[in-house]
Amino acid sequence: MRLLTAALFFFVGLIPLAWAWDDDDQPMMLWDGSWVCSTPDAYEEAIVLERDTERSLTEIKGYLLENKLCIYIDGEDVEDMMAPYVIVVEEKASKVKVKFWISFYQKVTHLQRRETQVLFTGWTERERLRDFYNWLNRNNRRS
C-alpha cells in the first residue's frame, strides 16, 4: 500500500511539470567535469586554478568547496541528476545560472539505503550544457 501511495504521489507531482514544459524546451545535462559556482567570477577563478599545474584537482576541489565558491560535477553526479535535469535560470554573456537536483545514496545496512536529494544552483559556462538525449544515447551504447 505504501508503494502504491508513493508511486501515485510521484506521478501526480510530474503532471504539472509536463504541462509547464514548452515545446521549444529541451532537457539539458552538464558535461562530466563541469564547475558550478556561486558567481560568474568564482567560475573564472575555478578555471584559472584548474589550469594551474601546481595543484592537483583534489586540492582545487577542496579549496573551492571549503570556501563555498564552487562544486565539481563529475560523471557519477551527472548520472544521479533528477528530472527535469538542468534548468537555465538566468544568462549573462557566456555564463548561465542553472539549477538541478542530485540524489545521493548511502548504504545503511545490507538491505537499507538512505537517499538524500539536494538542489544545486550556480553559474557555469553555456558550453558546459549538452542535450539530454545525446547524453542518454551515448550512455546506452556503452551498456
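If you read the sequence from its start, that first residue is 1, and numbering goes on from there.
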Under a plain distance cut-off of 3.5 Å, with no hydrogens placed, do S94 and E127 share a side-chain donor-acceptor pair? no

Pick out which of K99, M28, K97 makes a side chain to side chain contact (heavy atoms under 4.5 Å, CB included) with I87. K99

Within-4.5 Å side-chain heavy-atom neighbours: I71 and D77: no

K61 side, atom NZ; L49 side, atom CG - distance, nearest 0.5 Å: 14.0 Å

Salt bridge (Lys or Arg N to Asp or Glu O under 4.0 Å): which pairs involve residues 39-57, sequence neighbours left out? E44-K95

Name all pairs fulfilling the ring pair (Phe, Tyr, Trp, His ring centres under 6.0 Å) condition that reach into residues 41-79, sequence neighbours left out, sorted by first residue then second. W35-Y72

Are any non-hydrogen side-chain atoms of I102 and I73 less than 4.5 angstrom apart? yes

Quick check: is V118 connected to V98 through a chain of hydrophobic side chains (ILVMFWY, heavy atoms under 4.5 Å apart)? yes

Following the transitive rule for hydrophobic clusters with a side-chain heavy-atom cut-off under 4.5 Å over Ile, Leu, Val, Met, Phe, Trp and Tyr, establish whether V96 and I47 coincide in one cluster. no

Honestly curious: do Y85 and V88 fall in one hydrophobic cluster under the side-chain, below-4.5 Å linking rule? yes

Same cluster (ILVMFWY, side-chain, under 4.5 Å), L119 and M82: yes

Whether Q112 side chain and T109 backbone form a donor-acceptor pair below 3.5 Å: no

Do L30 and L129 have side chains that get closer than 4.5 Å, going by heavy atoms? yes

Yes or no on side-chain contact (heavy atoms from CB on, under 4.5 Å) for D32 and R130, after CA distance, side-chain angles and deciding distance? CA-CA 10 Å; D32 300 353; R130 64 179 170 170; 3.8 Å; yes

Strictly by ring pair (Phe, Tyr, Trp, His ring centres under 6.0 Å), give each pair with a member in residues 94-131 just once, sequence neighbours left out. F100-F120

Would you say E76 has more than 12 foreign heavy atoms packed within less than 6.0 Å of its CD? no

To the nearest 0.5 Å, atom CE of M29 lies from atom CG of D131 at 10.5 Å

Quick one: are C37 and L69 in side-chain contact, heavy atoms under 4.5 Å? no

